[in-house]
Amino acid sequence: MIRVRMPQKKRELEVPGPRRVADILAAAGVRPTMVIVTRGKQLLTKDQRVEDGETIDIFSVVSGG
């Protein structure tokens with residue numbers, strides 16, 4: 001299982017792996033254009049693969065002016 005943490009929403013879930021980041025975001029109901037995804041200190045793109053046993057974090061992107 002892949003552990004998916006969303007600290008800003010105080011939400012956590014597990015999805016079966018391996019999966020691409022884009023598929024994980026779809027399973028979590030998250031729009032890819034509104035977030036960044038990290039594995040540790042590494043920024044992940046939507047096409048990268050996440051393996052079973054790994055943990056990723058999803059952070060909402062906030063911009064303002």
Side-chain angles (χ1 to χ4, degrees):
M1 298 298 272
I2 299 167
R3 183 174 174 200
V4 181
R5 300 185 301 196
M6 294 175 261
Q8 294 161 320
K9 294 185 178 184
K10 296 184 171 96
R11 184 173 166 212
E12 193 171 298
L13 62 114
E14 289 188 339
V15 296
R19 286 192 185 195
R20 292 181 321 125
V21 170
D23 298 329
I24 295 169
L25 294 175
V30 176
R31 291 176 44 196
T33 58
M34 304 300 291
V35 297
I36 59 169
V37 180
T38 63
R39 178 176 46 214
K41 294 184 179 195
Q42 178 187 17
L43 184 63
L44 301 177
T45 66
K46 65 181 180 178
D47 295 324
Q48 285 184 280
R49 185 177 159 120
V50 181
E51 301 295 332
D52 270 331
E54 293 185 320
T55 299
I56 63 170
D57 293 303
I58 300 174
F59 296 98
S60 297
V61 176
V62 179
S63 65

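A quick note: this is a predicted structure, and the numbers were derived from the prediction, not measured. All values below were derived from every heavy atom in this structure, side-chain atoms included, with hydrogens, water molecules and symmetry-related copies excluded.
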* Within-4.5 Å side-chain heavy-atom neighbours: Arg3 and Met1 -> no
* Side-chain heavy atoms of Arg5 within contact of Asp57, under 4.5 Å -> yes
* To do: Over all heavy atoms of both residues, which pair between Ala28 and Leu13 is shortest? Give the atoms and the distance, please.
  => CB-CD2, 4.2 Å
* Asked: Are Gln42 and Gln48 side-chain neighbours, meaning at least one heavy-atom pair lies under 4.5 Å?
  -> yes
* Asked: Taking all atoms of both residues into account, what is the closest heavy-atom pair of Arg39 and Val50, and its distance?
  -> NH1-CA, 4.1 Å
* If you group Ile, Leu, Val, Met, Phe, Trp and Tyr by side-chain heavy-atom gaps below 4.5 Å, do Leu43 and Phe59 land in one group? -> yes
* Structure fact -> Distance col, row Ile58:CD1 vs Leu25:CG, nearest 0.5 angstrom, shows 5.0 Å
* Do Leu44 and Thr38 have side chains that get closer than 4.5 Å, going by heavy atoms? -> no
* Asked: Hey, are the side chains of Met6 and Glu12 touching, using non-hydrogen atoms and a 4.5 Å cut-off?
  -> no
* Counting N and O atoms only, with roles assigned by atom type, does the side chain of Gln8 sit under 3.5 Å from a partner on the main chain of Ser60, one being a donor and the other an acceptor? -> yes
* Asked: Any idea which heavy atoms bring Ile2 and Pro16 closest together, and the distance?
  -> CD1-O, 4.3 Å
* Asked: Side chains of Thr45 and Val21: closer than 4.5 Å at any heavy-atom pair?
  -> no
